[in-house]
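Below is one structure, written out as structure tokens; comments come after it.
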Amino acid sequence: MSNRVIMPTQDPNVRKTNFNEVALGYSKEDAISEASRCLHCKAKPCVSGCPVNIDIPAFIQKIKEDNIDEAAKIINEASLFGRICGRVCPQEHQCEAKCIRGIKGEAIAIGNLERFVSDNANLSIPTPKKANGKKVAIVGSGPSGLACAYDLAKEGCSVTIYESLHATGGVLRYGIPEFRLPKAIVDDEVNKLKALNVNIYTNKVVGKTILMEELLSDFDAIYIASGAGLPKFMGIEGENLNGVYSANEFLTRINLMKAYEASPTPIYHAKNVCVVGGGNVAMDAARCALRLKPENVYIVYRRSEKEMPARLEEVHHAKEEGINFQLLTNPVRIIGDDKFQVKGIECIRMELGAADASGRRSPVEIKGSNFVLDVDCVIMALGNNPNPILTSSFPALQTEKHGCIVVNEDQKTSIDGIYAGGDIATGAATVILAMGAGKKAASSILNYLKN
Ligand code: FAD
Ligand code: SF4
């Protein structure tokens, strides 16, 4: 049985010194060869693994026929951001996890094929339908807000996006690094919206510089897609020392403000960096930190590699680049010097005990196993909650205990005419789920406006 066609990448020793994209993409020959491995299973299990149900075998068939534009049309029916999702979706837990080819060998590289098609197709932007006189406001320009705006604008609505940062794209711009997702791709997606006459206002914080009440009086409907951008901390001693960052702050300085180049935004160039966490955010922070050329970058994670929530590819790339993984290890306190600068992090070794409510085995401390890592920078990558600025300024909106906005299956909130989706409704999740929620909300808003 043939193996999957390997995605070419930059050499690890070269790429760890630059911010250029790591994965280089399939050639046409690679893509056709990989597509030829597909068995075109009648039951299409891969489709059920895709959160937006892309007709995967159908687009793979078009690649085999060398008809890239038709393949892209099939992807676009379900997903707007093939170039983005082909690069960042956790396919190994979704479509590829269900692929029949994976039972006795390697699953079809569905994500790599999606990326190839979306990078190489030449599709025109649809002409929007005649203006229908309806006005919709969207809060946030991450994947969820962009997807909702696209579908509404196509149907003839007048759409206005309000974004609190000075640039659009949400996590796609400020969180995910250039070496995983080039920002030119995010620009292309935003430009599609501009071509559909979507108005975009940046530097507008809904709940502060513009109020929900104002939007309600000016628009027929609102979609809230403000994400989950509030970082969590551990609550241990030393977290307020100089040299401790949240991953959000660290990544924003690097990705949005380009602090690694000549930029007015500074970044601390540490000798030894410790990143705490085991998800995509931790991998991104560690790999960005490495590109600032310190001596060592450690990842401290309290469970084993098997439980790491990060994408397999990111863990693999991080290891290739030389990140030092301290698994089954948990920080106890951060140690500072007399100038309140980080000089070390005390950790304790862990072992796995019984499974917890999430089904994962709980880490348990091994008494007396404490040790100190000599680091001068600590980056906390422990996950994010929704930022409460909008919801606290508009308490009429029902939220749950973590601050997520409560929505029904149509993405409708507790208030008529207001919809919400993406990370603000689910908590920190994935690009594809956020995009899917935006599309669903657009369809619900169109129904609401019709009635
Ligand atoms: P966001 O992308 O967070 O966008 C929300 C936008 O709303 C932001 O631009 C924010 O500035 C704006 N906003 C917030 N409050 C207001 C306000 N009051 N007024 C106006 N604007 C406001 N997912 C994957 O699938 N694969 C990955 O590899 C992956 N890697 C990740 C790496 C990092 C570092 C992070 C942080 C997340 C990653 N994710 C990944 C998760 C994924 O990026 C998110 O699930 C997704 O971006 C959520 O989309 P969203 O549109 O709901 O919110
Ligand atoms: Fe092709 Fe795998 Fe889907 Fe079967 S499960 S149709 S082999 S991609």
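Values below: every heavy atom of this structure, side chains too, minus hydrogens, waters and symmetry copies.
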**Prompt:** Does Arg173 reach the side chain of Leu165, with side-chain heavy atoms less than 4.5 Å apart?
**Reply:** no
**Request:** Measure the spacing between CG of Asp284 and CZ of Phe250 and express it to the nearest 0.5 Å.
**Result:** 11.0 Å
**Prompt:** With no hydrogens and no angle check, is any side-chain donor or acceptor of Asn385 less than 3.5 Å from a backbone partner on Ala228?
**Reply:** no
**Item:** Short side-chain to backbone donor-acceptor contact, Arg87 and Gly111, under 3.5 Å
**Value:** no
**Fill in**
CG of Asn132 to CG of Leu152, rounded to nearest 0.5 Å, is 9.0 Å
**Item:** With Lys73 via salt bridge (Lys or Arg N to Asp or Glu O under 4.0 Å) - residues at least two apart
**Value:** Glu70
**Prompt:** Out of Asn330, Thr329, Asn324, which residue meets the side chain to side chain donor-acceptor pair (under 3.5 Å) rule with Gln326?
**Reply:** Asn324
**Prompt:** Closest approach of Gly238 and Val244, non-hydrogen atoms and distance?
**Reply:** O-CG2, 3.7 Å
**Prompt:** Quick one: side-chain contact (heavy atoms from CB on, under 4.5 Å) partners of Ala153, sequence neighbours excluded?
**Reply:** Val159, Leu196, Val198
**Asked** Excluding sequence neighbours, so at least two apart, what forms side-chain contact (heavy atoms from CB on, under 4.5 Å) with Ser118?
**Response** Ile75, Arg83, Glu114
**Donor-acceptor contact below 3.5 Å, side chain Asn67 vs main chain Ile63** = no
**Message:** Between the side chains of Arg311 and Glu92, is the shortest nitrogen-to-carboxylate-oxygen separation below 4.0 Å, so that they form an ion pair?
**Reply:** yes
**Request:** State, without any angle test, whether Glu249 and Ser246 hold a side-chain donor-acceptor pair at a distance under 3.5 Å.
**Result:** no
**Asked** Is there a donor-acceptor pair closer than 3.5 Å between any side-chain N or O of Arg101 and the backbone N or O of Cys38?
**Response** no
**Message:** Once salt bridge (Lys or Arg N to Asp or Glu O under 4.0 Å) is applied, do any residues pair with Asp69, and if so which ones, sequence neighbours excluded?
**Reply:** none
**Asked** Which residue pairs pass the side-chain hydrogen bond (donor to acceptor under 3.5 Å, both in side chains) test with at least one member in residues 393-402, sequence neighbours excluded?
**Response** none
**Salt-bridge present (Lys450, Glu155; N to O < 4.0 Å)** = no
**Request:** For residues Asn240 and Phe233, determine if any side-chain heavy atom of one lies less than 4.5 Å from a side-chain heavy atom of the other.
**Result:** no
**For Ile54 against Ser79, the heavy-atom pair lying closest together** = CD1-CB, 3.8 Å
**Pro309: partners by side-chain contact (heavy atoms from CB on, under 4.5 Å), with sequence neighbours left out** = Tyr301, Arg360
**Request:** May I ask you to test the Tyr223-Ser144 pair for a side-chain heavy-atom distance under 4.5 Å?
**Result:** yes
**Request:** Taking salt bridge (Lys or Arg N to Asp or Glu O under 4.0 Å) as the test, write out the residues that go with Glu320, two or more places apart.
**Result:** Arg15
**Prompt:** Is the closest side-chain heavy-atom distance between Met308 and Leu327 below 4.5 Å?
**Reply:** yes
**Asked** Any side-chain heavy atom of Lys192 within less than 4.5 Å of one from Glu189?
**Response** yes
**Request:** Please step through salt bridge (Lys or Arg N to Asp or Glu O under 4.0 Å) for the pair Glu307 and Arg302, ending with a clear verdict.
**Result:** CA-CA 10 Å; Glu307 287 82 25; Arg302 63 193 182 131; over 6 Å; no
**Message:** Quick check for you: to the nearest 0.5 Å, what is the distance between Met380 atom CE and Cys274 atom SG?
**Reply:** 7.5 Å
**Item:** Short side-chain donor-acceptor distance under 3.5 Å, Asp30 and Ser27
**Value:** yes
**Request:** Check the angle between the aromatic planes of Phe19 and Tyr260 and answer parallel, tilted or perpendicular using the 30° and 60° thresholds.
**Result:** parallel
**Note, Ser141 side chain near Ile200 side chain (heavy atom, < 4.5 Å)** = no
**Asked** Going by the ring-ring contact (aromatic ring centres under 6.0 Å, His included) test, which pairs reach into residues 153-191, not counting sequence neighbours?
**Response** Tyr162-Tyr201
**Complete:** The complete set of salt bridge (Lys or Arg N to Asp or Glu O under 4.0 Å) pairs with one or both residues in residues 130-143, sequence neighbours excluded, reads none
**Asked** Are Ser443 and Asp151 side-chain neighbours, meaning at least one heavy-atom pair lies under 4.5 Å?
**Response** no
**Complete:** Partner of Cys288 under side chain to side chain contact (heavy atoms under 4.5 Å, CB included), picked from Leu251, Val275, Val273, is Leu251
**Request:** Kindly give the heavy-atom pair with the smallest separation between Cys404 and Gly427, and that separation in Å.
**Result:** SG-N, 3.5 Å
**Prompt:** Can you tell me if Arg361 uses its side chain to pair, donor with acceptor, with the backbone of Ala355 under 3.5 Å?
**Reply:** no
**Asked** Checking Glu34 side chain against Ala109 main chain: does a donor-acceptor pair fall under 3.5 Å?
**Response** yes
**Message:** Could you check whether Lys183 pairs with Asp188 (Lys NZ or Arg NE/NH1/NH2 to Asp/Glu carboxylate O, under 4.0 Å)?
**Reply:** no
**Item:** NZ/NE/NH1/NH2 to OD/OE distance under 4.0 Å, Glu21 and Arg115
**Value:** yes
**Request:** Could you tell me the separation between the CD1 atom of Ile299 and the CD1 atom of Ile323, rounded to the nearest 0.5 Å?
**Result:** 5.5 Å
**Request:** Spell out, as yes or no, whether a donor-acceptor pair under 3.5 Å connects the side chain of Thr9 to the backbone of Ala23.
**Result:** no
**Request:** Hey, could you give me each pair passing side-chain hydrogen bond (donor to acceptor under 3.5 Å, both in side chains) that has a residue in residues 407-428? Not counting sequence neighbours.
**Result:** Lys412-Asp416
**Heavy-atom pair with the smallest gap, counting every atom of Cys99 and Ala107** = CB-CB, 3.8 Å
**Message:** Counting neighbours of CD1 on Ile6 that are heavy atoms of other residues, nucleotides or ligands and sit closer than 6.0 Å, is the number greater than 12?
**Reply:** no
**Asked** If you measure from SG on Cys46 to CD1 on Ile108, what distance do you get to the nearest 0.5 Å?
**Response** 9.0 Å
**Message:** When you compare the side chains of Asn18 and Gln10, does any donor N or O come within less than 3.5 Å of an acceptor on the partner?
**Reply:** yes
**Prompt:** Okay, side chain of Arg303, backbone of Leu352: is any donor-acceptor separation there less than 3.5 Å?
**Reply:** no
**Message:** As an exercise, state the distance from CG of Leu397 to CD1 of Ile415, rounded to the nearest 0.5 Å.
**Reply:** 5.0 Å
**Request:** Using the side-chain contact (heavy atoms from CB on, under 4.5 Å) rule, take His317 and Arg180 through it: C-alpha gap first, then chi angles, then the decisive distance, then the call.
**Result:** CA-CA 11 Å; His317 283 163; Arg180 279 214 293 135; over 6 Å; no
**Asked** Got Glu239 and Ile334 here, is their nearest side-chain heavy-atom distance under 4.5 Å?
**Response** yes
**Request:** With sequence neighbours left out, write down each residue that passes side-chain contact (heavy atoms from CB on, under 4.5 Å) with Ile68, or none if nothing qualifies.
**Result:** Asp66, Phe116, Val117, Asn120, Ala121
**Request:** Dump the intermediate steps for side-chain contact (heavy atoms from CB on, under 4.5 Å) on Arg287 and Val297, then the final yes or no.
**Result:** CA-CA 8 Å; Arg287 295 174 70 204; Val297 178; over 6 Å; no
**Message:** According to side-chain hydrogen bond (donor to acceptor under 3.5 Å, both in side chains), does anything in residues 45-63 pair up with another residue at least two apart or in another chain? List the pairs.
**Reply:** His40-Gln61, Lys44-Asp55, Gln61-Glu65, Lys62-Glu65
**Prompt:** Would you call Arg291 and Glu321 a salt bridge, taking side-chain N to carboxylate O under 4.0 Å as the test?
**Reply:** yes
